[in-house]
Amino acid sequence: MTVQILFRPAAPADADAVKAIVQAAYAKWVPVIGREPLPMRADYDKALGEHQFELAVENGRIVGLIETVAHDDHVWIENVAVAPEAQGRGIGRKLLDSAERKAVESGRRELRLLTNGAFEANVLLYRKHGYTIDREEPFMNGTTVYMSKRLAP
């Protein structure tokens with residue numbers, strides 16, 4: 001039996017579920033970098049009012065999300081998170097694909113994001129998805145990796 005993943009915009013009532021997914025998805029990185037990654041500390045009640053969120057829903061349960069901010073010339077990907085039990089099934093890739101489609105539909109030709117250099121699996125995922133590393137900067141005893149992807153019109 002194939003389980004279908006549905007996608008929908010987030011609503012303010014989803015704040016607790018969003019926070020729970022982010023906490024679970026990023027927990028594995030705490031021992032790697034010795035602190036909570038910044039998305040674990042975000043105020044999702046506030047973010048849901050200011051940013052766009054698309055949720056991946058399986059059997060009525062939120063299993064992933066992408067948080068984006070539209071700028072004049074690009075779309076900033078603030079966060080991509082997939083519940084640990086749902087990772088490795090292409091949900092993150094589908095969320096990235098959706099952000100690309102929406103960027104192109106809105107006339108924006110570039111996606112940008114940053115990630116922690118210690119999150120090697122994430123850097124690899126983005127590179128496989130066509131993102132290039134623009135620059136790296138020291139941050140809190142680690143390295144921030146800035147990445148972008150140009151989109152065809």
Crowding at CG, Asp97 (>12 non-hydrogen neighbours, <6.0 Å): yes

Grouping I, L, V, M, F, W and Y whenever their side-chain heavy atoms are under 4.5 Å apart, do Leu114 and Leu38 come out in a common cluster? no

With Ile5, which of Leu55, Asn59, Ile91 fulfils side-chain contact (heavy atoms from CB on, under 4.5 Å)? Ile91

Could you please spell out the steps behind the side chain to side chain contact (heavy atoms under 4.5 Å, CB included) verdict for Glu100 and His129? CA-CA 11 Å; Glu100 283 184 32; His129 209 74; 3.3 Å; yes

Taking atom CZ as the centre, does Arg8 end up with more than 12 heavy-atom neighbours from other residues, nucleotides or ligands that are less than 6.0 angstrom away? yes

At what distance, to the nearest 0.5 angstrom, does CG of Leu95 lie from CG of Asn79? 10.5 Å

A quick test of your reading: do over 12 heavy atoms of other residues, nucleotides or ligands sit less than 6.0 Å from CD of Glu120? no

I'd like to check Tyr126 versus Val145 (side-chain heavy atoms, cut-off strictly below 4.5 Å). Are they in contact? no

Hey, is the main chain of Arg150 close enough, under 3.5 Å, to the side chain of Arg109 for a donor-acceptor pair? no

Run the ring-ring contact (aromatic ring centres under 6.0 Å, His included) test against Trp29 and tell me which residues pass, sequence neighbours left out. Phe119

Backbone N or O of Ile66 within a donor-acceptor pair of the Glu54 side chain at under 3.5 Å? no

Who are the salt bridge (charged side-chain N to carboxylate O under 4.0 Å, His left out) partners of Lys46, not counting sequence neighbours? Glu50

Please work out whether the ring planes of His74 and Trp76 are parallel, tilted or perpendicular, with thresholds of 30° and 60°. perpendicular

Are there over 12 heavy-atom neighbours, none belonging to Asn141, within less than 6.0 Å of that residue's CG? no

Does a side-chain heavy-atom distance below 4.5 Å link Ser148 with Thr132? yes

Check: His51/Glu67 side-chain N/O donor and acceptor closer than 3.5 Å: yes

Are any side-chain N or O atoms of Glu58 and backbone N or O atoms of Gln4, one a donor and one an acceptor, separated by less than 3.5 Å? no

Going by ring-ring contact (aromatic ring centres under 6.0 Å, His included), name the residues that satisfy it together with Phe53, two or more places apart in sequence or in a different chain. none

With side chains defined as the heavy atoms from C-beta onward, is the minimum distance between Val80 and Leu65 less than 4.5 Å? no

Answer whether the closest heavy-atom distance between the side chains of Pro138 and Thr143 falls below 4.5 Å. no

Working to the nearest 0.5 angstrom, can you tell me the gap between Thr68 OG1 and Arg112 CZ? 14.5 Å

